[in-house]
Amino acid sequence: MSANRYELNKNLAQMLKGGVIMDVTTPEQAKIAEAAGACAVMALERIPADIRAAGGVARMSDPKMIKGIQQAVSIPVMAKCRIGHFAEAQILQAIEIDYIDESEVLSPADDKYHIDKTQFDVPFVCGAKDLGEALRRISEGAAMIRTRGEPGTGDVVQAVRHMRMMQSQIRRLSSMSKDELYQAAKDLQVDYALVQYVAEHGKLPVVNFAAGGVATPADAALMMQLGAEGVFVGSGIFKSGNPEKRAAAIVKAVTNFNDHKMLAELSEDLGEAMVGINEQEIALLMAERGK
Amino acid sequence: MRIGILALQGAFAEHEAMLSGLGATVFEIRQPKDLTKSMDGMVIPGGESTVMGKLLRDLDMLADVQAMIRRGLPTFGTCAGLILLAKRIEGDDIVHLGTMDIVAKRNAYGRQLGSFDTEKPFNGIGNIPMTFIRAPYIVSCGDKAEVLATCDGRIVAARQDNQLVTAFHPELTTDTSVHRFFLEKVCK
């Protein structure tokens with residue numbers, strides 16, 4: 001990937017800011033998501049809640065199914081490959097996906113190495129629990145970062161934990177002297193240049209979204225107020241009682257995340273939210289996959 | 001000079017940074033009440049036109065924004081902004097603001113692999129860097145619209161009186177000339 005291509009890929013993420021990226025499993029759902037105001041859709045065979053329920057190995061989706069979704073909508077289409085599975089990523093690039101999510105929601109294919117994303121022309125988004133993970137993924141070529149949350153649970157606690165952790169580590173870097181920054185780069189196991197960028201700008205060099213457990217307009221507003229630049233909503237929409245209405249309400253909540261009165265109106269009468277599982281009740285913590 | 005930036009979704013922060021760097025006072029437009037603030041110009045940024053079009057309608061802002069542009073408010077639309085201002089979108093029945101006499105083609109260069117950078121001349125400015133991200137182009141301009149830049153035979157920038165549009169993103173480069181053109185020639 002040329003430096004120029006990496007800039008273009010980072011810039012596509014800039015266009016997604018202030019938006020909601022929704023998980024969809026069929027062309028029909030993709031159309032509902034687009035009509036509700038999604039700025040992009042994530043095409044996958046099963047949403048995280050069902051992957052969790054089904055158990056077993058979760059893999060990249062059938063390219064035919066992804067192509068069906070690409071044809072159904074005009075907004076960007078993303079798809080997931082397993083951590084470290086560069087062959088799945090090559091396949092997704094071959095069908096001209098707009099963004100690849102190297103995702104802990106699927107079963108990891110490599111327990112040591114992430115994909116060398118600099119070898120690809122299409123952009124990658126990767127999950128991160130803290131600043132070190134985020135910067136390591138960026139040095140591997142990720143053009144966008146999201147918190148890892150705990151997918152398929154409807155429990156926002158981990159997304160909050162990860163976003164708070166990243167923001168507090170960023171603030172700490174911003175207050176460091178140069179000699180302290182050298183040590184910080186070693187501690188975080190990343191290039192000094194990346195650490196220096198974060199210290200100087202008070203933010204990651206790429207767009208940072210919230211993901212995992214976002215189920216209500218209030219969850220979305222919470223993540224935006226904590227510093228997310230947009231949100232991914234996975235199971236929260238199509239596992240709820242009224243997907244159209246909930247999706248549209250979350251889109252509006254992300255735009256007006258500081259208007260409490262509007263948030264109150266948006267939260268009214270949305271039907272049943274996804275049931276959700278508390279963090280303590282789950283046997284498999286997907287956020288712990290691949291660090 | 002006070003410039004309102006439509007901040008419903010997309011890359012509005014980049015416009016804010018560039019315009020404040022040029023000495024303008026900027027504020028974000030997220031709800032109808034923001035439209036009542038006094039402004040000398042408005043920017044409609046890049047992002048997803050389907051999202052911004054829907055939010056303009058859902059938040060009851062479409063008719064007001066349309067009326068303000070028709071009354072002569074200087075307006076600068078980039079990428080999705082161009083699509084929102086176009087009188088017609090090729091292959092689509094929907095029209096958003098529809099105040100500018102141009103026909104736009106969405107995702108005209110294909111998917112993200114079709115995104116590119118180039119350098120081309122812009123009328124009255126000279127060569128400038130142009131960044132196209134899943135960009136549209138202008139299929140045709142009506143009599144009232146003037147072509148300001150082309151790229152490989154496609155129209156990528158145009159002006160019609162108080163409305164300026166680019167299919168590319170000057171706000172993503174370090175070149176401030178198109179924003180200066182907007183402040184000095186369109187907003188004056």
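Numbers restart at 1 for each chain; the letters A, B, ... are given by sequence-line order, proteins then strands. Atoms considered below: every heavy atom in the structure, side chains included; atoms not considered: hydrogens, waters and symmetry mates.
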I'd like to know if the side chain of [X] reaches the main chain of [Y], judged simply by a donor and an acceptor atom lying under 3.5 Å from each other, with no hydrogens or angles considered.
| X | Y | result |
| --- | --- | --- |
| B:R2 | B:S38 | yes |
| A:S2 | A:R5 | yes |
| A:K252 | A:M262 | no |
| A:K117 | A:I115 | yes |

Between B:D92, B:L8, B:L59, B:T50, the one whose heavy-atom pairs under 4.5 Å with chain A are most numerous: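 The candidate making the most pairs under 4.5 Å is B:L8.
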Is the shortest distance from a Lys or Arg side-chain nitrogen in [X] or [Y] to a carboxylate oxygen in the other one below 4.0 Å?
| X | Y | result |
| --- | --- | --- |
| A:K17 | B:E14 | yes |
| A:K31 | A:E28 | no |
| B:D34 | B:R30 | no |

Pairs satisfying side chain to side chain donor-acceptor pair (under 3.5 Å), at least one member in residues 62-80 of chain B, at least two apart: B:H15-B:T78
Using every non-hydrogen atom in the two residues, find where [X] and [Y] come nearest and quote the distance to one decimal.
| X | Y | result |
| --- | --- | --- |
| B:V43 | B:L19 | CG2-CD1, 3.7 Å |
| A:R246 | A:G236 | CD-O, 3.5 Å |
| A:A211 | A:T147 | N-OG1, 2.9 Å |
| B:M18 | B:D175 | CE-O, 3.7 Å |
| B:I44 | B:L97 | CD1-CD1, 3.7 Å |
| A:E102 | A:F124 | CB-CD2, 4.3 Å |

Among [options], which residue has the highest count of heavy-atom pairs closer than 4.5 Å to chain B?
| options | answer |
| --- | --- |
| A:D121, A:V251, A:L16, A:L12 | A:L12 |
| A:G37, A:S74, A:G19 | A:S74 |
| A:A248, A:P123, A:G230, A:A35 | A:A35 |
| A:E34, A:Q93, A:Q70 | A:Q70 |
| A:N9, A:V254, A:N11, A:V122 | A:N11 |

Please state whether the side chain, the backbone, both or neither of [X] comes within less than 4.5 Å of a heavy atom of chain B.
| X | answer |
| --- | --- |
| A:F120 | neither |
| A:A38 | backbone |
| A:E229 | neither |

Interface residues of residues 138-174 of chain B facing chain A - heavy atom cut-off under 4.5 Å: B:H169, B:E171, B:L172
Contacts of residues 106-137 of chain B with chain A (heavy atom under 4.5 Å):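 Residues B:R106, B:N107, B:R111, B:Q112, B:L113, B:S115, B:F116, B:D117, B:T131, B:F132, B:I133, B:R134 are the ones that qualify, each having a heavy atom under 4.5 Å from chain A.
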Chain A contact via B:E28 - side chain, backbone, both or neither, heavy atoms under 4.5 Å: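 No part of it gets close to chain A.
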Atom group of B:A7 that falls short of 4.5 Å from chain A, counting heavy atoms: backbone
Qualifying ring-ring contact (aromatic ring centres under 6.0 Å, His included) pairs with a residue from residues 21-45 of chain A, counting only residues at least two apart or across chains: none
